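I have placed the structure first, in the form of structure tokens, so that the comments after it can refer back to it.
Note that this is a predicted model, so its numbers are computed, not measured. Protein chains get the first letters and strands the later ones, always in sequence-line order, with residue 1 at the start of each.
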Number of protein chains: 2
Amino acid sequence: MDAEIREKIAGEVVLSAHPGRTLRKWREDFEISQRDLARHLETVPSVISDYESERRASPGAGFIRRYVQGLVDLDTLHGSRVGQRLGARPHSEGILGMQEFSVAVPLKAFAERLDAKAVGRIGLSRDIHGYTLLDAPRAILSIDAAHYVEVYGWTTQRALIFANVRYGRSPMVAIRAHPLKPAAVVFANPGRIDPLAIRLSEVENIPLLTTALPAPTILERLEEL
Amino acid sequence: MDAEIREKIAGEVVLSAHPGRTLRKWREDFEISQRDLARHLETVPSVISDYESERRASPGAGFIRRYVQGLVDLDTLHGSRVGQRLGARPHSEGILGMQEFSVAVPLKAFAERLDAKAVGRIGLSRDIHGYTLLDAPRAILSIDAAHYVEVYGWTTQRALIFANVRYGRSPMVAIRAHPLKPAAVVFANPGRIDPLAIRLSEVENIPLLTTALPAPTILERLEEL
DNA sequence: CCATGTTATCGTCACATGTCGAATGTGCTG
DNA sequence: CAGCACATTCGACATGTGACGATAACATGG
């Protein structure tokens, strides 16, 4: 939701040579006064001012988080005047959903969440940092080389979940062909799995999992992880 | 360049309920050891470990910045294995360039940088937080309502710079029509300015500036600001 | 000009961060 | 198993953050 904008602001603040001034820039952008923000954060305006004027040169993650959250909260109270402008840009065709986890998630836990079981001999003792859910036929048709970046988002240490696969052959072939490799592959509600798909997963050392769940349920379950 | 990925990481770390674990996640993503990172940051591995295990719960902006910069630096030394994957996605047609400043920039300073002078009576006593450089004809043709968000990026407190304008009439009409307003408008190397454009700028209380510089020069000059 | 809203400055103080070095696990590999 | 690379845990200590309240400097507008 507003996670994207919060992340953007926080990132900019941290990278800035003048974190305080950057905080101020954003507060001004939201048209929120020090007093209102202080009230919302249950503190006093001088604290805000001290940070913005960089009496404290390196504010801690906790403070930045609360400050940014405060801006977004107050904006929401004011009818999301600024927040509305983010507007969740849509994914490419074929990408049904994706997410980056903020901490590493054991593949084992991920699999349990989806009632997925391993096919083939590769163990599940690794972590993943995100996932992408793809509609296999559409993804393979409409995602050319240039768009692969989008599939992998910010990390390749992710699970690629393919929906609408019959034998799982073409997805695995595509992975085989591409230089970027996922950390795991999941087939959602597949038919009978092609032995070649399994062989490829073993050659590539990428765990292959299957689940009986349909795509929408998968998104739901992964929502809270 | 890699500013985008650094921002992303830093933002995620700050917002995370477990900043340390998120730092670790990214270091693992880059496949860099604590020892190497410590060496690069001119410190000892235990420091890295302490943060990642959250012995310190709220690392300061300075530390996070150095840590993230370290990851990207080392990745660059390794041939940008991870960094390559960002791949600067292209803008919409008609958008020649845009930037978000990390601190507020006085419009006056901005104008001087571009050798721009004000047209009309609106003063330049305000700050801007970024700019977008547009090819006027193409932008007006190809950017529909849904894409306006993109023009404004993360903040509306920005200068819209239009290149290839003749009279400046349609750009100002477009601004007049749209609910989102920029903080300033610049015409790059225009012909004779239509009086209506000036009137509109005054009605909207948006300073209107002109510069003789062509678009590429503008991008160069704003690069370092 | 007085009230109100907004921001800046500063003294103070507890406690967390930032940093190091030494010691203590793991796990791989020759 | 010895040796190495990698990671963790912990004691110690200086400095900076995080917080508050008091005071003052500014606009803005009744």
Side-chain angles (χ1 to χ4, degrees), chain A residues 10 13-14 16-71 74 77-78 103-104 106 123 125-127 205, chain B residues 10 13-14 16-71 74 78 103-104 106 123 125-127 157 205:
Chain A
V13 170
V14 170
S16 171
H18 295 281
R21 284 206 255 163
T22 302
L23 284 173
R24 180 187 315 243
K25 183 196 75 162
W26 281 102
R27 185 177 54 75
E28 288 173 348
D29 233 50
F30 279 82
E31 296 180 58
I32 291 170
S33 72
Q34 289 184 350
R35 189 178 50 97
D36 288 352
L37 182 57
R39 187 136 53 198
H40 184 76
L41 298 182
E42 295 181 323
T43 179
V44 290
S46 72
V47 170
I48 311 288
S49 177
D50 279 344
Y51 282 105
E52 292 185 356
S53 60
E54 287 173 359
R55 192 185 181 194
R56 307 276 175 267
S58 175
F63 178 80
I64 298 175
R65 181 168 354 118
R66 273 178 297 136
Y67 186 103
V68 172
Q69 183 67 56
L71 292 183
L74 288 174
L77 291 181
H78 295 164
V103 301
S125 60
R126 53 179 83 182
D127 289 343
N205 191 33
Chain B
V13 169
V14 170
S16 171
H18 295 281
R21 282 205 258 163
T22 302
L23 285 172
R24 179 184 316 233
K25 182 196 75 162
W26 281 101
R27 184 177 54 76
E28 288 172 350
D29 233 50
F30 279 81
E31 296 180 58
I32 291 169
S33 73
Q34 288 184 350
R35 190 177 51 96
D36 288 352
L37 182 57
R39 188 136 52 197
H40 184 77
L41 299 183
E42 294 181 324
T43 179
V44 291
S46 72
V47 171
I48 311 288
S49 178
D50 278 344
Y51 281 105
E52 292 186 357
S53 61
E54 285 172 1
R55 191 185 181 195
R56 306 279 173 262
S58 176
F63 178 80
I64 299 175
R65 179 168 357 118
R66 274 178 297 137
Y67 185 103
V68 173
Q69 182 68 57
L71 292 184
L74 288 174
H78 296 163
V103 301
S125 61
R126 53 179 82 181
D127 290 342
Q157 259 186 63
N205 191 35

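- B/S49 contributes no side-chain N or O that, together with a main-chain N or O of B/P45, makes up a donor-acceptor pair within less than 3.5 Å.
- Distance, B/R21 CZ to D/dA7 P: 17 Å, rounded to whole Å.
- Rounded to whole Å, atom P of C/dT6 lies 13 Å from atom CD of A/E28.
- Straight-line distance from the OH atom of B/Y51 to the P atom of D/dT9: 16 Å, rounded to whole Å.
- Residue-level contact check: B/S58 touches the backbone only, with heavy atoms under 4.0 Å from sugar-phosphate atoms and none from bases.
- When the side-chain nitrogen and oxygen atoms of B/R56 are compared with OP1 and OP2 of D/dT9, none of them lie within a distance under 4.0 Å.
- Between A/N205 and A/R126, the closest side-chain pair of non-hydrogen atoms falls below 4.5 Å.
- The shortest distance between side-chain heavy atoms of A/S33 and A/D36 falls below 4.5 Å.
- Close to D/dA7, at under 4.0 Å from its OP1 or OP2, lies a side-chain N or O of B/R27.
- Taking both residues in full, the closest heavy atoms of B/P19 and A/R65 are given as CG-NH2, 4.1 Å, listed atom of the first, atom of the second, then distance.
- The B/P45 side chain lies nearest to D/dT8 when the options are C/dT17, D/dT8, D/dG21.
- OP1 and OP2 of C/dG5 both lie 4.0 Å or more from every side-chain N or O belonging to A/R35.
- Rounded to an integer number of Å, the gap from A/L23 CG to D/dT17 C1' is 14 Å.
- Residue side chain A/R39 does not reach the base of C/dG5 through any donor-acceptor N/O pair under 3.5 Å, judged by distance alone.
- At a cut-off of 3.5 angstrom, the base of D/dG21 holds at least one donor-acceptor pair with the side chain of A/S46.
- Rounded to whole angstrom, the span from the CZ atom of B/R55 across to the P atom of D/dC13 amounts to 13 Å.
- Between D/dA19 and A/R66, a contact under 4.0 Å exists linking OP1 or OP2 to a side-chain N or O.
- Distance, A/L37 CG to C/dA8 P: 13 Å, rounded to whole Å.
- Considering only side-chain atoms of B/V47, the nucleotide from D/dA7, C/dA8, C/dC20 that sits closest is C/dC20.
- The phosphate of C/dC20 has OP1 or OP2 within less than 4.0 Å of a side-chain N or O from B/T43.
- Atom CG in A/D36 sits roughly 10 Å away from atom C1' in C/dG5 (whole-Å rounding).
- Taking side-chain N and O atoms only, A/S49 has no distance below 4.0 Å to OP1 or OP2 of C/dT7.
- Looking only at side-chain heavy atoms (C-beta outward), A/E52 and A/R21 stay at 4.5 Å or farther from each other.
- Between A/D50 and B/I32, it is B/I32 whose nearest contact on DNA chain D lies nearer the 5' terminus.
- For the pair B/I48 CD1 and C/dG18 C1', the interatomic distance rounds to 12 Å; values are reported in whole Å.
- If you look at A/Y67 and A/Y51, their ring centroids are not closer than 6.0 Å.
- Remark: B/Q34 is not in phosphate contact with D/dA5, judged by side-chain N or O atoms under 4.0 Å from OP1 or OP2.
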